[in-house]
Amino acid sequence: MAPHSSPHPARRPLTPAPFVLRLCLHLLMAGLLVLAAVRAHSAAGTVAAAVTGAVYAAGSYLPPVRTSRRAAAVWLGVLGTSWLAMLWLTPEALWVAFPLYFLQLHLLPVRWSLPAVALTAGAAILSYVGHGAALNPGVFIGPLLGAAVAVATVLGYQALYRESERRRRLIEELIGARAELAAAERHAGTLAERERLAREIHDTLAQGLSSIQLLLRAAERALPPDSPAAGHIERARRAAQDNLTEARRFVRALTPSDLEHGSLAAALERLCEPGAGPYGPEAGAYGPEAGPRVRFSVSGTPVELPTPYEVALLRIAQSALANTVRHASASRAEITLSFMDASVTLDVVDDGEGFEPGSVRPSSEGGFGLPAMRARAESLGGTFTVESAPGQGTAVAVSLPLSPEDRSPTAGGTA
């Protein structure tokens, strides 16, 4: 609608429609100035038209006019002064008021542009009357109607432009959110695959190599001291031990970051620190002001656990505590890790609102809820129970079986 975009330091390239409108306004201004110069009755009027055209052309190419609202206002003032001089010399300058309306509306704030348009229309009417033209309705209707059309056109265009910008920003936000969601899903998939691989390596390769090593030890003890096969069995046992060590190294490399710098008990204790928040992606931060006070305790004699056990117990604790923070409105919660002769048990108890366990439905948000916790425990041969009632808090318990090999120092947390 105007020869310039709105004064702003960060300008985007003109799209085809604004470029065409800008070109049309240039041509309209040039045509009206040429018409006024040709029909001027004096050389002074022609010179005034030429000066007005020069001022207009200069403003069209000066960068400050396009980037600074103050510079644009100064340029409009100089252009308006030259137009008033031309208007004083020739009545033909009246028609130049129409493109001036668009310039004023586009380059000035609304609180200044509307009075400027009104003053320009008044000056055009007074000039026409002052040059001796007969009074008729057209003298007043023409400039005023042109001003009204210009105001409606520019303000309507600006409203459409603002709506277009709002939708553009919304689309950019949606694209960004989709990219973040895809990245989060990839990250979650990567973590799930790492845990699955660690569990598979532990349950198949590492356990098989450990069994081979035990069988070779038994065979080695059964051989006579001077048996020629003793050396071969010793080498086979060492090869099995080396490969078992390598398998355990793979399992450690696939262990979640929460378990990289300490034992399961240490990770659970960090989970209970004020302000730490559950580590799971489905949990929000909690602390003295935002959630329950959480206490951690260990019962029995701690032993090193297989990595899949540690991963499962940590994830279940994170999810159970996240549910407490989100839904229970509890003031206290307690996590207990119990080591017994044949099992390891994790209990998460809170004093919150409670619920009817039988009425729970899968979360529409796709969260790691009770069914997922139960599936994780049962995939390791364990049991998962939930005890709760409205107003009586909630207790979540998971128990995983321990074999004698799991309780051994070498087969514990490294396999």
Side-chain angles (χ1 to χ4, degrees), residues 1-33 36-37 47-89 93-127 143-144 146-169 172:
M1 301 307 302
H4 315 287
S5 296
S6 297
H8 196 283
R11 299 175 62 245
R12 293 191 302 277
L14 289 175
T15 56
F19 176 78
V20 171
L21 294 174
R22 172 178 173 174
L23 180 61
C24 289
L25 188 57
H26 285 332
L27 294 176
L28 176 62
M29 177 65 83
L32 292 176
L33 287 174
V47 171
V51 171
T52 301
V55 173
Y56 178 82
S60 300
Y61 293 100
L62 287 175
V65 175
R66 296 193 296 271
T67 59
S68 169
R69 201 176 285 277
R70 181 185 297 274
V74 172
W75 174 71
L76 280 176
V78 176
L79 182 64
T81 301
S82 64
W83 173 72
L84 288 175
M86 185 176 65
L87 195 64
W88 177 266
L89 296 171
L94 165 69
W95 307 110
V96 179
F98 190 69
L100 286 178
Y101 296 153
F102 285 97
L103 290 173
Q104 293 163 348
L105 289 166
H106 192 75
L107 296 178
L108 297 177
V110 174
R111 66 179 183 274
W112 297 111
S113 62
L114 294 180
V117 168
L119 290 175
T120 301
I125 294 172
L126 291 177
S127 172
L144 295 178
V149 169
V151 169
T153 302
V154 172
L155 295 184
Y157 170 79
Q158 291 177 348
L160 290 175
Y161 178 79
R162 287 192 296 269
E163 178 65 18
S164 175
E165 285 295 290
R166 188 187 68 82
R167 294 192 177 190
R168 179 185 62 81
R169 289 191 296 269
E172 290 178 352

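Nothing here was measured: the structure is a model prediction, and the numbers come from that model.
- Judged as a side chain to side chain donor-acceptor pair (under 3.5 Å), and not counting sequence neighbours, the contacts of E163 are R166, R167.
- Nearest approach of L100 to L79, heavy atoms of both residues: CD2-CD2, 3.6 Å.
- Two residues are said to be in side-chain contact when any heavy atoms from C-beta on lie closer than 4.5 Å; E165 and R162 fail this criterion.
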